[in-house]
Amino acid sequence: MDQFTLYLILFAIIVLLGQLFQKSSVPLALILVIAGMLLSFVAFFPKINLDSKLILNFFLPLLVYQISAFSSWRDIKKQIRPIALLSIGHVLFITILVAIVIHTLVPQLGWPLAFVLGAVISPPDNVAIVAIAEKLRIPERIFIILEGEGMFNDAAALTLFRFALAAALTNEFSVTHAFFGFVAILICETLYGLFLGYFLGRLREKISNTSLHVIASFITPFIAYFPAVKLGGTGILATAVVGFVIGNKFTLRFTPEYRLISLSIWPTFAFAIQGLIFLLVGLDMRSTFIRISSVSLETLIIYVSSITFVVIVGRFIWVYGAMIFLPRILLPYLKKKDPYPPWQYPFFISCAGIRGGISLAAALAIPTLTLKINGIDPRDLVVFIVVWIILVTLVLQGLSLPFILKKLGIDKVGQSDRYNEHMTELQARVQMLTAALNWLEKRLTKIKNKKLLTEVSQHIHEYQMLKDHLESRILEHDGNHFHDEQTEMKDDVSFLLKIIEIERAELSKMWSDEKINLKTRNKLLATLDHQIQRHLL
């Protein structure tokens, strides 16, 4: 069976499991990893090896770009201090802790390889965190911090990984060279991303053909990623910055058709990639276990449990110590400007340290080494440890996050945030309608054509009715009760949707009776679909 057919089968498995467990509180990432593990032990199922280049050079740029292009730089900027402390400081802290522990357990591994393992394990996976967080009613501030951390921590971790791997292969390492190299990469990639974002944004705003614009959007992350990698960087930071610039600065200048289609294509594509990564992690489990079968099970359990303990506890220490208390102790003005958050916030952030497929891809990128430890390649040991830490953190933290969220009571804060966001949306819509009404009323006084005058008057009437309806909804909210805005919005347009459904049924009847051709049917169907999408967005 060729690889193309195999990947089609994997995508079919993702669709099947996603549909079966769509209402489950268990993260789909965990379900896919477990499914992959089970399939890896099925004798007749084809063997699939996870390709690190496929993940690092294809999947990663697309995922980073998708998240950054649909994220608010304004919100990220407000939380830049905790995000920087997590995406850079936390990564460095965990790298050092893991290196110390693994070097203590396996001295033969040497310090460079110990730091390689630390760098690989250090970044929590934005794919896993964001996928789980989007299902939970977490406070907006926590979501922004976790999302920002996930976007930038891979850049820091992979930079450390490259320095550590180079030291392991050459037996040469300079702290000064590594530090200045790290800083140079961060600065240069940021500047490159800013320049490229504005340049590509200017080019893309001139593209009027929607199909061409979609293709250009998929090329964009690779234009940012590969040149940065070729010049010695990670490419991740540059890709994220390009996404921020285009998503925040240029989206309003793109065509409405492209904006509508991108809202469907990009999340769907990202979901497919995320699912495939976790499924591949599970499928790689059997071959990983076979390669280190000469090591006793007790020894492997000690390795995995020790490093997992350090990773989980180390995140608590860093979040509470370096992110919460230390900055406010060293900078008293910060305490006044940004008081201590509720203890539940850092606790939840500390629990959200799930590792994912990016860590495994980095581990698989380690070349085969001549050094042998108890007859096995240290690379295989590193890969095994990473795989099981991914699984353990997914099980322990992925399953416990919904429970912890409710026990801490911050799900109510998250619900309140969504309610406030919904109210802001209603008020913004009223303001937009008011601006449109003002323009129409001024236009009305200058129109002499009776037909156009009737049309404008009808628009004014429709806009005024919608504005009155939205204002009444705002007044109905007393601020003391939480509302499900999605249900509320669907209730508001239920009458309109019923009308559209009747139109669609009649369209279907005309098609069945052969009164219209396929081209006419699809054109009218697209018109109805756009009406539904416009009212549900």
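Note: hydrogens, waters and symmetry copies are ignored here, and every other heavy atom, side chains too, is used.
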I88 vs F182, side chain to side chain contact (heavy atoms under 4.5 Å, CB included): CA-CA, chis, key distance, verdict: CA-CA 11 Å; I88 299 177; F182 182 80; 4.1 Å; yes
Closest non-hydrogen atom pair between S72 and N248, with its separation: CA-OD1, 3.6 Å
Rounded distance [0.5 Å steps], CG in L146 versus OG in S87: 12.0 Å
Min side-chain heavy-atom separation T220-L196 under 4.5 Å: no
N153 side-chain N/O to P124 backbone N/O, donor-acceptor pair under 3.5 Å: yes
Atom pair CD1/CG of I67 and L62 - distance to nearest 0.5 Å: 11.5 Å
Distance, nearest 0.5 Å, that separates CG of L360 from CG of L280: 9.0 Å
Over all atoms of both residues, closest heavy-atom pair of A361 and S52: O-CB, 3.1 Å
Closest contact, heavy atoms only, S122 versus I94: CA-CG2, 3.8 Å
Aromatic plane relationship, F218 with W266 - under 30° parallel, 30 to 60° tilted, over 60° perpendicular: parallel
Where F70 and L263 come nearest, the two heavy atoms and their spacing: CE2-CD2, 3.8 Å
Geometric class of the Y340/F325 ring pair [parallel <30°, tilted 30-60°, perpendicular >60°]: tilted
Verdict with reasoning, L396 to I312, per side chain to side chain contact (heavy atoms under 4.5 Å, CB included): CA-CA 10 Å; L396 290 180; I312 293 175; 4.2 Å; yes
F384 and W388 aromatic ring geometry - parallel, tilted or perpendicular at 30°/60° bounds: tilted
Contact check, side chains of L113 and I102, non-hydrogen atoms, under 4.5 Å: no
Side-chain heavy-atom pair I385, V120 within 4.5 angstrom cut-off: no
Side-chain heavy-atom pair L85, W318 within 4.5 angstrom cut-off: yes
From K77 atom NZ to I83 atom CD1, the distance as rounded to the nearest 0.5 Å: 12.5 Å
Ring geometry between F58 and F269 (parallel below 30°, tilted from 30 to 60°, perpendicular above 60°): perpendicular
Donor-acceptor contact present, side-chain T393 to main-chain R355, <3.5 Å: yes
Side-chain touch D154/P123, heavy atoms, less than 4.5 angstrom: yes
Residue pair Y65 / S217: nearest heavy atoms and the distance that separates them: CE2-O, 3.9 Å
Trace of the side chain to side chain contact (heavy atoms under 4.5 Å, CB included) decision for I55 with L364: CA-CA 10 Å; I55 293 181; L364 291 171; over 6 Å; no
T251 and R259: CA distance, side-chain angles, deciding distance, side chain to side chain contact (heavy atoms under 4.5 Å, CB included) verdict: CA-CA 7 Å; T251 296; R259 286 198 298 269; 3.7 Å; yes
For I349 against R315, the heavy-atom pair lying closest together: O-NE, 2.9 Å
Geometric class of the W111/F115 ring pair [parallel <30°, tilted 30-60°, perpendicular >60°]: tilted
E149 CD to M323 CE distance, which is reported to the nearest 0.5 Å: 8.5 Å
Donor-acceptor contacts, no H, no angles, side chain residues 27-34, under 3.5 Å, sequence neighbours left out:
none

Between CZ on residue R74 and CD on residue Q79, distance to nearest 0.5 Å: 14.0 Å
F11, CZ: over 12 other non-hydrogen atoms inside 6.0 angstrom: yes
Y198, OH: over 12 other non-hydrogen atoms inside 6.0 angstrom: no
Residues, nucleotides or ligands: over 12 heavy atoms within 6.0 Å of F41 CZ: yes
Centroid-centroid distance, F347 to F316, less than 6.0 Å: yes
Residue pair I144 / K78, side-chain heavy-atom distance below 4.5 Å: no
Anything under 3.5 Å between a donor and an acceptor, one on a side chain of residues 228-247, the other on a protein residue two or more places apart or in another chain? List them.
| from | atom 1 | to | atom 2 | distance (Å) |
| --- | --- | --- | --- | --- |
| T234 | OG1 | E189 | OE2 | 3.4 |
| T234 | OG1 | I236 | N | 3.3 |
| T239 | OG1 | G235 | O | 2.6 |

Side-chain (R328) to main-chain (L326) donor-acceptor, under 3.5 angstrom: no
V386 and L117, any side-chain heavy atoms less than 4.5 Å apart: yes
Heavy-atom check, side chain of L391 versus side chain of M37, under 4.5 Å: yes
